[in-house]
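Notes follow once the structure below has been shown.
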2 protein chains.
Amino acid sequence: MSVTLGQPPAAYAPDRPRSSSTREALLDAAEQLLVEHGVAGTSTRAIIKAAGANLGAVNYHFGTKEDLVLEVFARRLRPLNQDRISRLNALEAEAQEQPVPLEKLVEAIVRPSVEARETQPGTTMALFRLICRGFQDPNPQLKAFLNKECAEFATRIDSALLRALPWLPPQELVWRERFLFGALNHGLDSWVHFDNLPHPNPEMQPMRPDREGFIHRMVSFIAAGLSAPIA
Amino acid sequence: MSVTLGQPPAAYAPDRPRSSSTREALLDAAEQLLVEHGVAGTSTRAIIKAAGANLGAVNYHFGTKEDLVLEVFARRLRPLNQDRISRLNALEAEAQEQPVPLEKLVEAIVRPSVEARETQPGTTMALFRLICRGFQDPNPQLKAFLNKECAEFATRIDSALLRALPWLPPQELVWRERFLFGALNHGLDSWVHFDNLPHPNPEMQPMRPDREGFIHRMVSFIAAGLSAPIA
DNA sequence: CTTGAATTCATACGAACGTATGAATCACCC
DNA sequence: GGGTGATTCATACGTTCGTATGAATTCAAG
């Protein structure tokens, strides 16, 4: 007897309107827990408990824990990269054939990450740490997904940076970009997670800068690193 | 009847000579797996299988999975920080009251990480990724352990950097150090894990620099970022 | 009010987890 | 070469994991 479950799980019906409140609660709870404990450290049961949902809800709405995880990332990453790309568009339109100044490009990378929680309603501080973690996660499927999601922005920023740093060989830029994103991710993580980062030297106990101060610090560091002289 | 297990587990007899070959095999296997799958994603059974050991061996030699994990980190991190500190000592002795040049300080941070596999017999490339991962791990006990393990080096490098960058307020240095370690960790991870990092733009498909080339690139970027002008 | 789809519920299953136990085996000194 | 402590072994226990199932419930339209 074929059983009609009312509706097949979301994984098999991707066109269904995705607005169930349980669905959103699961995504929110999963996001929070993924930030705190990583993918492998977050169980389906912990998620549904935090969301006040039933165990079957994950299977019903997402089909699989992994599909839920991917959706958690996609929900945040898509608008983030869209924001980055539209900033890039605006900068290039404004510059009219001239290369966009380096600091502006770096800001187009950095600012959307830091500002997301204000432009994207409901986004928590956790977003940054989530994405940082995602890129370091051992799960190859997750990594591939994130790379795909960022591919367009990556090629755009590549060529823009090459135009802003014409004396820099592309091979060098590739490595400096790695340093860039390392600094960005770790810096964001420290900023968001500012609470208890006790410093051995009390005089250096860090203050938490406001959003603009933090963006400025980050942009200065990264822009200086990107335009370092080469051997 | 009190049962004499031959010997109580290592956790309760920390003075025992730690040179069992099974013990080392467990540490090696755990190191490899922790790098690939993270702490929560690595099971005791996977470790003993990779080490060719018995399930009871973990309990016998370390008492607990968590104690094994901490020992994996400690085994690598201790000599690494010792190397960094002795480099710092040499630089400061050579400079005689003068501040040590910035690039030399940065190199004292970077080089031990990159070189460890040659100066420390048996260390695999995995070491870097392991440590990078450890600092991002959600496990608070692990994080506290790593912070403790690095505390001495941290205070030393703090004051040395402040002397090399006298115009930089300590509060600024704190944040730049975060960027520094983010770039270091992520850069090392990319370098070690160089294999398949396909780049959208084929012209930018990165080459893997040799050790010295990589160290130089990293030092340039970081030193430039650290000495960026402040607002 | 009825009906049928959409959703939520309690519950079950097999697998894998971390840990513990006591017997078997090994290595070495007298 | 017999005995003693150190180590390894097979195995078991209780828990938690991800997933699946089918019966209840909710809810909007007829």
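By convention in this document, chain letters (A, B, ...) are assigned in the order of the sequence lines, proteins followed by strands, and residues within each chain are numbered from 1.
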[N] [atom2] sits how many Å from [X] [atom1], rounded?
{"X": "I48(B)", "N": "dT19(C)", "atom1": "CD1", "atom2": "P", "value": "14 Å"}
{"X": "E24(A)", "N": "dT7(C)", "atom1": "CD", "atom2": "C1'", "value": "15 Å"}
{"X": "H37(A)", "N": "dT16(D)", "atom1": "NE2", "atom2": "P", "value": "15 Å"}
{"X": "R23(B)", "N": "dT8(D)", "atom1": "CZ", "atom2": "C1'", "value": "16 Å"}
{"X": "I47(A)", "N": "dT19(D)", "atom1": "CD1", "atom2": "C1'", "value": "14 Å"}
{"X": "K65(A)", "N": "dT16(D)", "atom1": "NZ", "atom2": "C1'", "value": "12 Å"}
{"X": "L26(A)", "N": "dG18(D)", "atom1": "CG", "atom2": "P", "value": "13 Å"}
{"X": "E66(B)", "N": "dC17(C)", "atom1": "CD", "atom2": "C1'", "value": "15 Å"}

Can you find a side chain N or O atom of [X] that sits less than 4.0 Å from OP1 or OP2 on [N]?
{"X": "S43(B)", "N": "dC17(C)", "value": "yes"}
{"X": "T22(B)", "N": "dT7(D)", "value": "no"}
{"X": "N59(A)", "N": "dA20(D)", "value": "yes"}
{"X": "T64(A)", "N": "dT19(D)", "value": "yes"}
{"X": "H61(B)", "N": "dT8(D)", "value": "yes"}
{"X": "T44(B)", "N": "dG18(C)", "value": "yes"}

**Request:** Compare all side-chain heavy atoms of L226(A) with those of L105(A) and state whether any distance is below 4.5 angstrom.
**Result:**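 They are not in side-chain contact.
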
Practice task
Check whether any side-chain heavy atom of F179(B) sits under 4.5 Å from a side-chain heavy atom of F179(A), and report yes or no.
Solution key: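 In short, these two side chains do not touch, never coming nearer than 4.5 Å.
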
Next item on the list: Validate the cation-pi geometry between R84(A) and F153(A): distance from NZ or CZ to the six-membered ring centre under 6.0 Å, angle to the ring axis within 45°.
Entry: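 Yes.
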
query = Can you name the residues that form a ring-ring contact (aromatic ring centres under 6.0 Å, His included) with F145(A), not counting sequence neighbours?
reply =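 Partners of F145(A) under the ring-ring contact (aromatic ring centres under 6.0 Å, His included) test: none.
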
- Task: State which residues pass ring-ring contact (aromatic ring centres under 6.0 Å, His included) with F214(A); sequence neighbours excluded, sorted by chain then number.
- Result: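 For F214(A) the ring-ring contact (aromatic ring centres under 6.0 Å, His included) partners, ignoring immediate neighbours, are W191(A), W175(B).
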
Between the main-chain N or O of L33(A) and the side-chain N or O of T42(A), is there a donor-acceptor pair closer than 3.5 Å?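 Yes: the side chain of T42(A) pairs with the backbone of L33(A).
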
What N/O pairs connect the protein and nucleotides 10-13 of chain C at under 3.5 Å? Give each pair on its own line.
unit_1  : atom_1 : unit_2 : atom_2 : d
dA10(C) : N7     : N54(A) : ND2    : 3.4

Is it the case that more than 12 heavy atoms not belonging to E212(A) sit under 6.0 Å from its CD atom?
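Buried by this count: over 12 neighbours within 6.0 Å.
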
